[in-house]
Amino acid sequence: MFQEADFTPRIKLMLAQLATAYHLAASDYAATFISDRLIHTSTDRLAFYNIQSSLTKRLFYILLPNRNYTTHATKEFIQFFLSHFKQYV
């Protein structure tokens, strides 16, 4: 994304956990990229921008074991996933 924008950021710390990055940004320690799925309430402490780039899209697969029986919990998870993320499929 930075190459698309012809910009080179100064990165001092890279985090693997989006929630940690979000809280560091909310505490004025950092700027971060997070998923819109992490934002549940609005806040005056942070500014959110929707980035229009094909690089912000992700592809997810749901993989099941190669057997005849699928547990009820797994079926419910798939239904939950499809109902909440259908617009992205």
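Atom set for the values below is all heavy atoms of this structure, side chains included, hydrogens, waters and symmetry mates excluded.
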**OP:** Look at the aromatic rings of Phe33 and Phe2 and report parallel, tilted or perpendicular, splitting at 30° and 60°.
**Re:**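 It falls in the perpendicular class, over 60°.
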
Original post:
Are Leu24 and Thr32 side-chain neighbours, meaning at least one heavy-atom pair lies under 4.5 Å?
Top reply: no

**OP:** Compare all side-chain heavy atoms of Thr71 with those of Glu76 and state whether any distance is below 4.5 angstrom.
**Re:** no

**OP:** Compare every heavy atom of Leu64 with every heavy atom of Thr74, then report the nearest pair and how far apart it is.
**Re:**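 Reported closest heavy-atom pair: CG2-CD2, 3.5 Å.
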
**OP:** Please report the closest heavy-atom contact between Met1 and Leu55, naming both atoms and the distance.
**Re:**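 Where Met1 meets Leu55 most closely, the heavy atoms are N-CD1, 3.4 Å.
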
[X] [atom1] to [Y] [atom2] distance, which is reported to the nearest 0.5 Å:
X	Y	atom1	atom2	result
Ile34	His23	CD1	NE2	9.5 Å
Leu46	Asp44	CG	CG	9.5 Å
Tyr22	Ser27	OH	OG	10.0 Å
His72	Gln79	NE2	CD	10.5 Å

Subject >> Co-membership, hydrophobic cluster, residues Leu18 and Ile51, 4.5 Å side-chain >> reply: no

**OP:** May I ask whether Leu13 and Tyr29 are part of the same hydrophobic cluster, defined by side-chain heavy atoms of I, L, V, M, F, W, Y residues being less than 4.5 angstrom apart, directly or through others?
**Re:**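 Both belong to a single hydrophobic cluster.
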
Subject >> Any donor-acceptor N or O pair under 3.5 Å, side chains Ser53, Thr56 >> reply: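 No pair is found: no donor N or O on one side chain lies under 3.5 Å from an acceptor on the other.
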
Original post:
Under 6.0 Å from the CD atom of Glu4, do we count more than 12 heavy atoms belonging to anything else shown?
Top reply: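 Check passes, neighbour count above 12.
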
